[in-house]
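Quick notes on the structure that follows.
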Amino acid sequence: DVIDVRSLGSNGIFTYDPGFMSTGSCESAITYIDGDAGILLHRGYPIAQLAEHSDYLETCYLLLHGELPTPEEKETFVKTVSNHTMVNQSMYKFIEGFRNDAHPMAIMCGLVGALSAFYQDHMDITKPEHREIAAVRLISKMPTLAATCYKYSKEQPVMYPRNELSYSENFLHMMFATPCEEYVVNPVFAKAMDRIFILHADHEQNASTSTVRLAGSSGANPFACIAAGIATLWGPAHGGANEAVLTMLEEIGDESNIDEFIAKAKDKNDPFRLMGFGHRVYKNFDPRAKVMRETCDEVLSELGLSNDPLLKIAKRLEQIALEDPYFIERKLYPNVDFYSGIIMKAIGIPTSMFTVIFAMSRTIGWISHWNEMITGPYKIGRPRQLYVGVPERDYPEAK
Ligand code: ACO
């Protein structure tokens with residue numbers, strides 16, 4: 001049931017809804033979720049079908065424009081994205097100002113915000129063609145910036161983008177090639193990366209997307225809005241969960257320790273939670289987690305790692321949790337992050353980059369929501385509060 005409270009706004013009545021459990025902040029035609037049924041649709045298409053038949057750039061086009069591209073439109077879009085992968089040379093000097101051991105998400109917040117300083121042309125957000133260029137620049141440059149962060153943390157030379165490669169191949173090339181050694185991209189890895197990008201592309205009004213919309217509602221620069229989204233995604237209750245899952249699996253270390261961790265997760269005096277389980281919206285199996293589990297099996301079998309100890313712990317944990325009344329009663333199922341970390345680790349991506357990859361993938365969702373908001377009528381976002389502080393009192397001098 002939807003109660004439209006717009007008419008109550010000005011007569012002193014407002015809803016108090018911490019965590020926005022029951023508050024819709026906007027209308028949107030981009031993504032549909034039925035958390036009870038485990039359904040996720042982008043522009044009407046089920047996520048599993050997109051993961052099977054589409055690729056990331058096609059999904060980007062769909063999210064941004066509302067329809068799948070024709071073959072000609074796709075070719076033009078892919079070419080345009082490829083043409084914008086380079087970043088302004090001065091951005092590399094900017095990166096050098098950071099510590100090498102800084103968390104890559106800290107650097108990404110700064111770098112993406114700084115795009116607003118380096119790309120000042122085409123910034124009239126009332127013009128659709130300017131908004132399109134901002135979107136294309138973001139999609140194109142995120143992998144370049146992410147891989148550059150990684151190279152910087154390793155104190156290795158930056159690898160420039162290669163435009164003849166696909167989006168995911170190019171990302172893997174920039175991450176793992178060196179000036180002395182070509183990186184031959186394994187097609188199974190490229191496909192798995194592309195799936196990870198698709199499965200994280202959008203998820204309607206989650207914390208980071210809502211942040212991007214809220215920031216954008218003041219008319220702020222789109223690159224600055226996306227930087228706000230990256231900052232929000234960083235937290236362990238949101239995008240940081242895939243990093244936390246792997247840390248947890250490593251801490252568990254052996255199947256014999258699983259019961260102890262399950263007991264900790266159920267103990268209300270212990271703040272520990274089973275990372276990668278539970279979701280604010282899904283109270284059923286996360287449809288993205290199913291695809292991720294299959295992709296995980298494909299990558300590990302390609303590497304001959306089907307008996308990987310972490311995967312064994314993950315599968316056993318999933319099985320125990322699915323049978324345990326605590327998790328059943330609270331409808332706590334594995335979420336998208338539960339398997340993505342194992343896949344990325346197998347590909348050779350360090351845990352510190354996991355959330356960065358989530359941010360890269362989600363950039364299209366953020367910018368599509370920003371674009372949808374700017375295109376339609378919108379108001380500056382301004383939630384109310386329930387004041388619980390001291391009542392009015394006199395400043396001591398004035399008594
Ligand atoms: N392990 C153990 N217990 C849990 C877990 C968990 N992972 N998640 C929720 N619970 C319990 C809570 O303790 C609470 O129990 P109670 O009713 O006895 O008090 C109940 O389930 C409901 O939990 P809430 O915190 O109210 O659920 P909410 O919808 O606010 O939180 C969240 C959702 C943040 C995802 C939570 O499930 C969690 O912390 N999960 C682990 C972190 C994680 O995997 N995050 C990734 C989310 S997906 C994404 O961002 C892509």
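Counting starts at 1 for both ligands and their atoms, in listed order. It should be emphasised that the depicted structure is a prediction, and the values quoted were computed from it without experimental measurement.
In this structure, Lys345 does not pair ionically with Asp308, as no charged nitrogen and carboxylate oxygen lie closer than 4.0 Å. Looking at Lys79 and Glu75, a side-chain N of the basic residue comes within less than 4.0 Å of a carboxylate O on the acidic one, giving a salt bridge. Salt bridge status for Arg316 with Asp254: absent, with no side-chain N to carboxylate O gap under 4.0 Å. A salt bridge is defined here as a Lys NZ or Arg NE, NH1 or NH2 lying under 4.0 Å from an Asp or Glu carboxylate O, and Glu182 with Arg162 meets this definition.
Note that NE2 of His369 is 10.0 Å distant from CD1 of Ile364, once rounded to the nearest 0.5 Å.
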Under a 3.5 Å threshold, I'd like every N/O contact between ligand 1 and protein atoms, with atom names and distance.
from: ligand 1; atom 1: 1 (N); to: Leu274; atom 2: N; distance (Å): 3.0
from: ligand 1; atom 1: 3 (N); to: Tyr326; atom 2: OH; distance (Å): 2.9
from: ligand 1; atom 1: 7 (N); to: Leu274; atom 2: O; distance (Å): 2.7
from: ligand 1; atom 1: 7 (N); to: Phe277; atom 2: O; distance (Å): 3.0
from: ligand 1; atom 1: 13 (O); to: Lys268; atom 2: NZ; distance (Å): 2.8
from: ligand 1; atom 1: 13 (O); to: Arg273; atom 2: NH2; distance (Å): 3.4
from: ligand 1; atom 1: 15 (O); to: Lys268; atom 2: NZ; distance (Å): 3.0
from: ligand 1; atom 1: 15 (O); to: Arg330; atom 2: NE; distance (Å): 3.2
from: ligand 1; atom 1: 18 (O); to: Lys268; atom 2: NZ; distance (Å): 3.1
from: ligand 1; atom 1: 18 (O); to: Arg330; atom 2: NE; distance (Å): 3.0
from: ligand 1; atom 1: 18 (O); to: Arg330; atom 2: NH2; distance (Å): 3.0
from: ligand 1; atom 1: 25 (O); to: Arg273; atom 2: NH1; distance (Å): 3.0
from: ligand 1; atom 1: 25 (O); to: Arg273; atom 2: NH2; distance (Å): 2.9
from: ligand 1; atom 1: 29 (O); to: Arg280; atom 2: NE; distance (Å): 2.9
from: ligand 1; atom 1: 30 (O); to: Arg280; atom 2: NE; distance (Å): 3.4
from: ligand 1; atom 1: 30 (O); to: Arg280; atom 2: NH2; distance (Å): 2.9
from: ligand 1; atom 1: 39 (O); to: Arg273; atom 2: NH1; distance (Å): 3.0
from: ligand 1; atom 1: 40 (N); to: Phe277; atom 2: O; distance (Å): 2.9
from: ligand 1; atom 1: 44 (O); to: Gly276; atom 2: N; distance (Å): 2.9
from: ligand 1; atom 1: 44 (O); to: Asn335; atom 2: ND2; distance (Å): 3.0
from: ligand 1; atom 1: 45 (N); to: Ala237; atom 2: O; distance (Å): 3.4
from: ligand 1; atom 1: 50 (O); to: His238; atom 2: O; distance (Å): 3.3
from: ligand 1; atom 1: 50 (O); to: His238; atom 2: ND1; distance (Å): 3.2

* Asked: Are Glu243 and Ser352 close enough, and set up right, to give a side chain to side chain donor-acceptor pair (under 3.5 Å), and what steps lead you there?
  -> CA-CA 7 Å; Glu243 189 174 335; Ser352 62; over 6 Å; no

